[in-house]
Participant: 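Okay, here's the structure, questions in a sec.
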2 protein chains.
Amino acid sequence: MTGLRVAIADDHAVVRTGYRRLLELEPNVSVVAEFADCETAYTWLSANHADILILDLSMPGRGGLETLRRLKARVPTLKVLVFSMHGAPAMVSQAMQAGADGYLTKSSAPEALIAAVLDLGAGGQPLSEEAVRALGEAGNDSQAPHQVLSLREFQVFTMLAQGLAVDEIAARLCVSAKTVANYQTAIRQKTGLSNALEMFRYARTHALLE
Amino acid sequence: MTGLRVAIADDHAVVRTGYRRLLELEPNVSVVAEFADCETAYTWLSANHADILILDLSMPGRGGLETLRRLKARVPTLKVLVFSMHGAPAMVSQAMQAGADGYLTKSSAPEALIAAVLDLGAGGQPLSEEAVRALGEAGNDSQAPHQVLSLREFQVFTMLAQGLAVDEIAARLCVSAKTVANYQTAIRQKTGLSNALEMFRYARTHALLE
DNA sequence: TCTTCCATAGGAAAAATTCCCGACTTTTAT
DNA sequence: ATAAAAGTCGGGAATTTTTCCTATGGAAGA
C-alpha cells in the first residue's frame, strides 16, 4: 500500500513544521507540500497530486473559505481537512458547505490530527466534538432573524448591527427614540443577541448586511 | 553544560507538541512542562524552576498579558519569550512593557524559535523583524489606545472589544462591576470610541485581538 | 520624602433599557 | 364580512447602566 500524500496549508511556518513532524511519525503518511498562502496552495494542487490537504482557514490572501470552494470545484478528489482555531457554529457550517471533508479545531489532541488524516484516507468524515456540536446548533437555526423578526424590527436590527445608536436610528426612520428602544428590546429577546456586537457578528456571518 | 529548561504555554495541544518536537532536536534544550492555560502556567512556574517560558499571548483565562506581568513579578529570573500570532505594534509594545524578554511572531521560521531560545539563554533579547518594526511604529502613534490607556484599561478595552459585558469582565478580572464600568467610561473618553462595536472595529483594524 | 499615576470602588445623578400598556392599522382566517 | 391576530408607534414607571465625583492605598519616580 502506498502512503497517503498530504499537503499542509498554514501561514505559520513553525506550526506547519509541527504538523509535519507529527504526521511523519506515521509510516503510511508522507507530507508532500507545504503552503503559506492560499494562492500557492491552489496553484500547486491544481497541477500536482495530493490525497489530503490540511487547511487552516485563518490564512491571509483573502478568503480561506473561497479557496476551499474553488479547490473542491477544480480538484474534487482532493480531501480537505479544515483545521481551524475556532469552532464557531457559523464557521463550521460554512466550511462544510464549502466542501470540507472534515473539521478539527486546534485545541484537539495531537493524536486527533493523525487519526483524522487516516480516517479521511479511509473515506471517513472526521469531525471534532466541537464541530459536531456546532453543526447541531447550526441545524436548528430556523430561528433566524428574518423569520422571527417583523419587517420593522429587522430594519432596526440591521442598523443596530452596523453600530448605529438608538437616537440615530430614530432620526433616520423618523420615529421616536422610545420606539426604537422598544424594538431593540424585542430584537434582543427574540434573537438572543444581547448587544450590538453580537448582532454585528451574526449579521456578518449570515451575510445580512450591505 | 546543563541544558536550558524550557516551558511551553499555548492553548493548542497540537501546536505545543510541534514546538516540543522542534525544540527537542536541540541537545542543550529540554522541555520540562506544557500548559494549556494561564493559571496552570502561573501555579507551576511559581513552584518549579524553568529557565525560559514560551508564551502564547492569545490564551484563554483572559489576560495573557496580565499573567506575564504577574509572572515576572513573582519569578523575575524567568525569561519569557512571547510567541504570538500577530506582530501588531500595540501588542508588541504592551508585551514588552509587561516584561517580556523576547517577542517572536508565529510566521517566523522554525529555526528562529530555536535561535531565540538559545539567545534568551545567553542573555539576549530576541525580537523578530516584525516586532522591531512594530516597536518603531508604536512610537509615532501617540493617539493610539495602547498609548493613552493604562495596562488595566487596555485589558478592559480588549474585552469590551470582544463583546464581553461589564459584568462578565468584572467576574473574569475579579473586581467589582463598578470598577469595570468606571474603566469603560475612561476608555470611551480617552479613545473616543463610544461603544463596543466601534472598539471592536478599531481593535480589528489594528490587530489588537486574537 | 513628596508627588504623581494607577487600581480599586462607593454614592449620587443622569441616561438608557426594560416592562407594561393603549391606540390604531393591516393582514389573516373563518 | 367580521373577528382575531399581528404589526407599528409611543407614553409612563421601574430598573439597570453609565457617568461624574470622590477617596484610599500602593507603586514609581524625582
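Naming: A, B, ... by sequence-line order, numbering from 1 per chain. Basis for what follows: all heavy atoms, side chains included, without hydrogens, waters or symmetry-related copies.
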Participant: Looking at D101(A) and V80(A), would you say the former's side chain and the latter's main chain have a donor-acceptor pair under 3.5 Å?
Facilitator: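 Checking the backbone N and O of V80(A) against the side chain of D101(A), a donor-acceptor pair under 3.5 Å is found.
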
Participant: I'd like to know whether V14(A) forms a side chain to side chain contact (heavy atoms under 4.5 Å, CB included) with L104(B), so could you lay out the CA-CA distance, the side-chain angles of the two residues, the decisive distance to 0.1 Å, and finally the verdict.
Facilitator: CA-CA 11 Å; V14(A) 178; L104(B) 269 196; over 6 Å; no

Participant: Just by distance, do the side chain of R5(B) and the backbone of H49(B) share a donor-acceptor pair under 3.5 Å?
Facilitator: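 Side chain of R5(B) to backbone of H49(B): a pair is present.
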
Participant: Between L197(A) and L160(B), which heavy-atom pair has the shortest distance, and what is it?
Facilitator: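 Heavy atoms only, the tightest pair is CD1-O, 3.9 Å.
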
Participant: A side-chain contact here means heavy atoms from C-beta on lying under 4.5 Å apart; do L4(B) and N28(B) qualify?
Facilitator: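 No; the side chains remain at least 4.5 Å from each other.
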
Participant: For the pair W44(B) and F35(B), name the ring-plane relationship: parallel under 30°, tilted 30 to 60°, perpendicular over 60°.
Facilitator: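 Correct class here is tilted.
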
Participant: Whole-Å distance between dT17(C) C1' and N195(B) CG?
Facilitator: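 Atom-to-atom, N195(B) to dT17(C), this comes out as 16 Å.
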
Participant: What are the two closest heavy atoms between L164(B) and I169(B), and how far apart are they?
Facilitator: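 Answer, listing the atom of L164(B) first, then I169(B): CB-CG1, 3.7 Å.
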
Participant: Determine, step by step, whether R70(B) and E39(B) satisfy the salt bridge (Lys or Arg N to Asp or Glu O under 4.0 Å) criterion, reporting the C-alpha distance in whole Å, the side-chain angles of both residues, the deciding distance to 0.1 Å, and the verdict.
Facilitator: CA-CA 11 Å; R70(B) 279 198 303 152; E39(B) 270 324 298; 3.0 Å; yes

Participant: So what is the end-to-end bend of the helix from dT1(C)-dA30(D) to dT30(C)-dA1(D), with 5 pairs used at each end and the value given to 10 degrees?
Facilitator: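 That helix gives 30° between its end axes.
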
Participant: Quick one, give me the B/S/- string for nucleotides 8-20 of chain D, reading 5' to 3', where B means a protein heavy atom under 4.0 Å from the base and S means that only happens at the primed atoms, P, OP1 or OP2.
Facilitator: SSBBBB----SBB

